[in-house]
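First up is the structure itself, then whatever we jot down about it.
Start at 1 and go down the list; that is how both ligands and their atoms are numbered.
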Amino acid sequence: MSQAEVMVTSRIPPFLLAGLQERYTVHDREHIQDPRVLGRVRAFVGGGEGKIDAGFMALFPQLEMISICGVGYDGVDVAAAKARGIPVTHTPDVLNDDVADLALGLMLAVARKIPEADRFTHAADWLDGPFPLTRKLSGSRLGLVGMGRIGQAIAKRAAAFDMQISYTSRNPRTDVPYAYFPNPSALAAEVDFLVIITPGGAGTKNLIDANVLKALGPQGYLINVARGSVVDEAALVEALQKKMIAGAALDVYVDEPRVSAALRALRNVVLTPHMASGTTQTRKAMSDLALANLDAHMAGLPLLTLIPECRT
Ligand code: 8YV
């Protein structure tokens, strides 16, 4: 029997590509040489931000499922997939620890100025005098925008730093002990560190705007490990330039991998290259789960981790 044909729609980890190549005939969206391939592809495999819109899906008459390697799937037109009865899977849970670890790392990095202190020490600037004092993290107030699985993993770690934890989300949760605020502005006004960990997409676009940053205030820090689209980046640059907030630590951006020159020029920001889930262990686990979903589909078995919209 000939192997099923699948298409890689955006950059995926090497282990996932290797796993796909063992079992399937793998095509790459960027290098379609034979247009007849479009009529044979049965599944897409890709990262969650890679654009899979209705027009692209329409090119593939035999498309049966979409396996996303990532928890977020904001690049996928889910309504269009559902309209065609195409299930979409993603890779939740396996990356919670890593994303939460990086959120804590970024909070420490920006508050304690670790990257700046590292540069200072490497440059032997210490010889000219001590490094300036920094901001204490332990015991301070943390506000989480989003209280899903990763938000809860961040809260658990923050509790070990004796932080006072509060959050906002569409609805208050009954299963967490943290204080609830009805919107990001109300939350921002009450915290020292505002951490964004909510899904991207149209529903959260520019949720963190100039008003929220104003509420966070000159002693407050913004940390984003969600999606660049959730923060109004122009408003953030202005707030940082005018010292309307104390600083920011960002792992995600509006136009990745291009990071705005204005952001890169600022001293009071710590910038990382969308690496929150980027450990060998976690990318392997994500790859295994993305592959397991695809394999289950091809074997006619129930899918392991459907996105919520496809569970009904
Ligand atoms: C991935 C992520 O690196 O899971 C997510 O939503 O943002 C990251 O873990 C990204 O989706 C690329 O696949």
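Remark: of the listed residues T282, D288, T280, D288 is the sole one forming a side-chain hydrogen bond (donor to acceptor under 3.5 Å, both in side chains) with K284.
Within a 6.0 Å radius of CZ in R170, other residues, nucleotides and ligands contribute 12 heavy atoms or fewer. Within 6.0 Å of atom CZ in R23, more than 12 heavy atoms from other residues, nucleotides or ligands are found, so the atom counts as buried in its surroundings. Heavy-atom neighbours of K82 NZ from other residues, nucleotides or ligands within 6.0 Å: above the threshold of 12.
Residue contact annotation: R11 has no non-hydrogen atom under 4.0 Å from ligand 1. Within the structure, ligand 1 has R283 among the residues with a heavy atom less than 4.0 angstrom away. Judged by the shortest distance from any of its heavy atoms, H90 lies outside the 4.0 Å radius around the atoms of ligand 1.
The protein atom (non-hydrogen) at minimum distance from atom 1 (C) of ligand 1 is S277 OG, 3.9 Å. Shortest contact from atom 10 (C) of ligand 1 to any protein heavy atom: E49 OE1, 3.2 Å.
Ligand 1 has a nitrogen or oxygen under 3.5 angstrom from a nitrogen or oxygen of G72. Checked against a 3.5 angstrom limit, the closest N/O atoms of C69 and ligand 1 fall inside it.
Under a 4.0 Å criterion applied to the non-hydrogen atoms of G47, ligand 1 contributes the atoms 13 (O). Listed by number with element, the atoms of ligand 1 under 4.0 Å from a non-hydrogen atom of H274 are 2 (C), 7 (O), 8 (C). Atoms of ligand 1 lying under 4.0 Å from at least one heavy atom of G48, given by number and element, are 11 (O), 13 (O). Interface of M286 with ligand 1, defined as ligand atoms under 4.0 Å from a residue heavy atom, comprises 9 (O). Per-residue contacts place G70 under 4.0 angstrom from the following atoms of ligand 1 (heavy atoms of the residue considered): 4 (O), 5 (C). Interface of R227 with ligand 1, defined as ligand atoms under 4.0 Å from a residue heavy atom, comprises 2 (C), 5 (C), 6 (O), 7 (O), 11 (O). Near L95, the atoms of ligand 1 lying under 4.0 angstrom from a non-hydrogen atom of the residue are 4 (O), 9 (O).
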Could you walk me through whether N268 and Y221 pass side chain to side chain donor-acceptor pair (under 3.5 Å), step by step?
-> CA-CA 10 Å; N268 47 347; Y221 294 85; over 6 Å; no
Take D97 and R157 through the test salt bridge (Lys or Arg N to Asp or Glu O under 4.0 Å) and record every step on the way to the result.
-> CA-CA 10 Å; D97 283 343; R157 284 157 177 74; 3.0 Å; yes
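Of all heavy-atom pairs spanning F131 and R112, the tightest one is CE2-O, 4.5 Å.
A cation-pi arrangement, defined by a distance under 6.0 Å to the six-membered ring centre and an angle within 45 degrees of its axis, is present between R29 and F56.
Under 4.0 angstrom from ligand 1, there are no non-hydrogen atoms of V252. Of all the heavy atoms of S10, none lies under 4.0 Å from any atom of ligand 1, so neither backbone nor side chain is involved.
Evaluated by nearest non-hydrogen atom to atom 5 (C) of ligand 1, the leading choice among I68, L16, V71 is V71.
Tracing side-chain contacts under 4.5 Å through hydrophobic residues (I, L, V, M, F, W, Y), one reaches L106 starting from V99; they form part of the same cluster.
D98 and S277 form no side-chain donor-acceptor contact under 3.5 Å, judged by distance and modelled atom types alone.
At distances below 3.5 Å, at least one donor-acceptor pair connects side-chain atoms of D209 with backbone N or O atoms of V212.
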